[in-house]
Amino acid sequence: MFRHITAVLTTLLMAAAGLVLTGSSAQASTTTICKTSSVPSGYVIVAQGSSTSCPGSFPNTWTIRMPYTSGTTTMCKISSVPSGYVIVAQGSSTSCPGSFPNTWTIRMPYTSGTTSICSISPVPSGYVVVGQGSSTSCPGSFPNTRTIQAL
């Protein structure tokens, strides 16, 4: 119990120090947790790391964040895509586990007009497929994209 409390306090202090030192909104929106903890609903994993405050062998931490509601968020593929978000590209990052490509770029689909998504992405409720296409940014053989539009 003491080790868990120490880990939580260390994480909070490191996060607070990052906020004070950088003042960055990107820094303010990320949190580091031990891999033994569950990722809270709606959060995505954006990196893995190591901390002596967490149990297990290195790497033993996740850096998590809520995805942006406008614009894109790059997340590790090991994380679940939150409900309502679509996959628009895949990529690679040394910060994420697994072999390359090991990241998804996600976004909220546009509420007016169309959004091009990777075919592997689920189509959110309230949207319909109105076309297909191809992109080197998405996995699979061509055509590997779908164009969706809000009803």
Side-chain angles (χ1 to χ4, degrees), residues 1-112 114-129 135 137-140 144-146 148-151:
M1 180 69 165
F2 178 76
R3 186 175 185 167
H4 177 71
I5 292 170
T6 302
V8 170
L9 290 175
T10 300
T11 300
L12 291 173
L13 287 173
M14 288 180 359
L19 288 172
V20 170
L21 293 175
T22 65
S24 165
S25 62
Q27 182 71 22
S29 60
T30 63
T31 302
T32 300
I33 63 171
C34 297
K35 282 189 177 181
T36 54
S37 298
S38 298
V39 175
S41 178
Y43 281 77
V44 295
I45 298 168
V46 295
Q48 68 177 349
S50 300
S51 172
T52 56
S53 299
C54 291
S57 58
F58 291 171
N60 60 354
T61 64
W62 293 127
T63 301
I64 61 172
R65 65 165 293 115
M66 293 290 289
Y68 296 112
T69 54
S70 62
T72 62
T73 301
T74 300
M75 58 175 264
C76 300
K77 279 188 178 181
I78 196 167
S79 188
S80 298
V81 176
S83 177
Y85 285 81
V86 294
I87 299 168
V88 296
Q90 72 174 349
S92 300
S93 172
T94 56
S95 297
C96 292
S99 57
F100 292 171
N102 60 353
T103 65
W104 292 127
T105 301
I106 61 170
R107 69 169 302 115
M108 295 290 290
Y110 300 117
T111 55
S112 61
T114 60
T115 305
S116 181
I117 66 173
C118 296
S119 293
I120 196 167
S121 179
V123 175
S125 177
Y127 286 81
V128 293
V129 176
S135 172
S137 297
C138 292
N144 62 351
T145 66
R146 294 185 280 185
I148 61 171
Q149 181 176 328
L151 289 175

Short side-chain to backbone donor-acceptor contact, Thr72 and Arg107, under 3.5 Å: no
Within residues 60-93 or reaching into it, pairs that qualify as disulfide bond (SG atoms under 2.5 Å apart) - sequence neighbours excluded: Cys76-Cys96
Tyr43 OH to Ser29 OG distance, which is reported to the nearest 0.5 Å: 9.5 Å
Close side-chain approach of Ile106 to Pro82, heavy-atom, < 4.5 Å: yes
Any donor-acceptor N/O pair, Arg146 side chain to Ile117 backbone, under 3.5 Å: no
Sequence neighbours excluded - side-chain hydrogen bond (donor to acceptor under 3.5 Å, both in side chains) pairs with any residue from residues 90-104: Lys77-Gln90
Contact check, side chains of Gln149 and Tyr127, non-hydrogen atoms, under 4.5 Å: no
Heavy-atom closest contact (Ile148 atom, Pro124 atom, distance): CD1-CD, 4.0 Å
Other residues, nucleotides, ligands: >12 heavy atoms within 6.0 Å of Tyr110 OH: no
Pairing residues for Val128 by the side chain to side chain contact (heavy atoms under 4.5 Å, CB included) criterion, not counting sequence neighbours: Val130, Leu151
Residues in side chain to side chain contact (heavy atoms under 4.5 Å, CB included) contact with Ser79, at least two apart in sequence or another chain: Val44, Ile45, Met75
Minimum-distance pair of heavy atoms, taken over all atoms of Pro97 and Ile78: CG-CG2, 4.1 Å
